[in-house]
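Below is one structure; the comments refer to it alone.
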Number of protein chains: 2
Amino acid sequence: MNSFTNRIPDAAVRRFSLYLRYLEDFERSGIRNVASGVLAERGGTTAAQVRKDLSFLGSFGKRGLGYSVAELTGVLRGVLGLDSVWRVALLGAGRIGTALFRYEPFRARGFHITTVIDNDPGKIGTRLGDVTIRGEHELESALQDDRTDLVIVAVPAAVAQALVDRVVAAGIRAVLNYAPTQLRLPGDVALRNVSMMVELESLSHALARLRR
Amino acid sequence: MNSFTNRIPDAAVRRFSLYLRYLEDFERSGIRNVASGVLAERGGTTAAQVRKDLSFLGSFGKRGLGYSVAELTGVLRGVLGLDSVWRVALLGAGRIGTALFRYEPFRARGFHITTVIDNDPGKIGTRLGDVTIRGEHELESALQDDRTDLVIVAVPAAVAQALVDRVVAAGIRAVLNYAPTQLRLPGDVALRNVSMMVELESLSHALARLRR
DNA sequence: TCCTGTTTGTGAAACTGTTCACAAGTGGAA
DNA sequence: TTCCACTTGTGAACAGTTTCACAAACAGGA
């Protein structure tokens with residue numbers, strides 16, 4: 001009975017992404033209904049967790065039956081903002097930036113990389129896929145012209161903060177950061193960090209403990 | 001006064017990685033002591049958080065002065081298991097795998113990618129940097145021969161689980177997963193997932209809320 | 001219609017992580 | 001030596017998240 005008016009816990013939102021992925025698998029397999037326990041088993045969590053998560057969105061499961069795959073898929077797409085196209089700018093066309101650019105599932109989910117910025121003179125003017133790489137000096141105009149919603153940062157740590165300050169000043173409200181540095185930005189800008197070093201080191205911590 | 005015998009919260013361990021990064025910057029700048037507030041400001045957290053985190057490791061700050069950069073660096077390296085070399089196998093030499101392989105900071109931190117596995121016949125036998133790519137059928141022998149500590153999964157979701165089952169059976173106890181699927185594995189195997197879709201979708205959720 | 005087996009939705013309890021607030025050290029100046 | 005400005009370490013309060021447990025709803029069969 002918990003409705004849209006309330007804020008949804010961040011931990012739950014992240015699981016929604018996973019649930020949606022599994023529901024799409026089920027949909028492809030022609031499965032029409034799915035119980036919380038099935039979704040839980042697939043996602044490495046518990047049935048109670050799944051039900052609690054979904055209860056933040058309202059209540060549209062059928063007792064005794066489970067959830068309609070089609071309906072739940074639709075609701076999750078809506079909540080995750082996947083019912084519209086998001087225009088994405090990629091800052092940095094190095095190895096990581098290029099790998100991200102070519103990652104197909106982005107486009108399938110409605111994330112269109114329409115802008116690529118790099119400061120290497122050898123790259124400016126060349127194409128990455130169907131996008132022409134532009135120089136850093138064009139950042140603001142590119143973000144504006146392309147009506148960018150969201151920025152992915154894949155530049156060296158040393159230049160990331162300065163670039164992001166400009167991005168925020170240009171009105172962008174969502175940043176996905178791959179640079180190995182903690183960006184500081186206003187509270188009303190959504191930021192997510194992805195760091196392979198942090199994950200790796202948390203693993204080596206676990207391993208080191210095991211060894212003792 | 002909290003000593004090594006206790007388990008350290010996962011959230012704290014992940015912040016240790018960040019603290020260490022900043023401490024290394026400070027060390028390079030010749031700064032010898034650092035207060036919790038300074039570390040906090042750099043890492044986008046609070047002074048109390050920093051002190052609480054560090055208290056899990058013992059107590060070696062000096063009241064009125066802060067922490068010795070050199071000492072703290074050493075302690076964090078130890079806790080994160082960075083005082084030895086870890087031998088890493090990379091499964092999947094596609095775009096993401098290749099980008100990971102070439103990511104220099106790994107090696108600097110003591111993570112040596114000694115094994116690369118791919119099932120593309122066109123790639124088997126070719127080299128990636130100084131490592132020869134081997135076929136999937138050699139997985140077990142490669143892990144054994146190279147005395148692998150840790151495995152990075154960068155293969156398509158469809159084949160990830162089967163491959164990881166073999167990896168676990170071969171005795172590996174730490175897995176870093178880039179495949180967009182939730183791997184199921186025994187409780188005594190440490191697993192970390194890195195998913196750009198989850199992060200992106202959590203951003204688009206935030207944006208979609210903003211729009212309402 | 002009634003019974004049975006299944007599954008949801010949700011308060012309450014348990015747990016985990018974060019923030020607060022302050023006594024207790026510390027170095028340096030007077 | 002005494003004082004002062006500063007900073008740690010840590011219980012306690014608080015906030016957020018997960019798990020538990022069970023009444024209520026439903027489908028299908030007898």
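Below, chains carry the letters A, B, ... as their sequence lines are ordered, and counting in each starts from 1.
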Rounded to whole Å, CG of B:D10 lies from P of C:dT18 at a distance of 10 Å
Here the distance between atom C1' of C:dT18 and atom CZ of B:R14, to the nearest Å, is 16 Å
Comparing B:L65 with A:A11, nearest DNA chain D nucleotide closer to 5' gives the residue B:L65
Side-chain N or O of B:S55 less than 4.0 angstrom from OP1 or OP2 on D:dG9? no
So, with a heavy-atom separation below 4.0 Å from DNA chain C, the residues of residues 32-48 of chain B are B:T46, B:A48
note: A:K62, atom NZ; D:dG28, atom P; distance rounded to Å ~ 13 Å
Separation of C:dG9 atom P from A:F60 atom CZ, nearest Å, is 8 Å
Can you find a pair of side-chain heavy atoms, one from B:S68 and one from B:R32, that are under 4.5 Å apart? no
Rounded to whole Å, CG of B:L72 lies from C1' of D:dT7 at a distance of 15 Å
Practice task
Apply side-chain contact (heavy atoms from CB on, under 4.5 Å) to A:Y178 and A:V153, showing your working.
Solution key: CA-CA 6 Å; A:Y178 278 82; A:V153 177; over 6 Å; no
For A:L72, is there any backbone N or O sitting under 3.5 Å from a side-chain donor or acceptor partner on A:R77? no
Rounded to 10°, the helix from C:dT1-D:dA30 to C:dA30-D:dT1 deviates from straight, judged by its five-pair end axes, by 10°
Could you tell me if the side chain of B:V85 sits less than 4.5 Å from the side chain of B:D149, heavy atoms only?
no
Is the phosphate of C:dG17 approached by B:Q49 (side-chain N or O, under 4.0 Å from OP1 or OP2)? no
Margin query: Below the 4.0 Å mark, does D:dA24 have OP1 or OP2 next to a side-chain nitrogen or oxygen of A:R63?
Written below: no
- Task: Say whether, by atom type as modelled, one donor and one acceptor occur between the side chain of B:W86 and the main chain of A:L200 under 3.5 angstrom.
- Result: no
B:R51 CZ to C:dT19 P, in whole Å, measures 12 Å
Apply salt bridge (charged side-chain N to carboxylate O under 4.0 Å, His left out) to residues A:D53 and A:R14 and explain how you reach the verdict. CA-CA 10 Å; A:D53 285 347; A:R14 302 168 63 90; over 6 Å; no
Among D:dT19, D:dT8, C:dT19, the one nearest any side-chain atom of B:K52 is C:dT19
B:D53 CG to D:dT8 C1', in whole Å, measures 14 Å
Q) Does B:Q161 use its side chain to pair, donor to acceptor, with the backbone of B:R184 at less than 3.5 Å? A) yes
Think A:Y67 has a side-chain N or O under 4.0 angstrom from the OP1 or OP2 of C:dG9?
-> yes
| field | Residue pair B:M197 / B:P180, side-chain heavy-atom distance below 4.5 Å | value | no
note: A:I8, atom CD1; D:dG16, atom C1'; distance rounded to Å ~ 15 Å
**Check ion pair B:R42-B:D25 (N to O, under 4.0 angstrom)** = yes
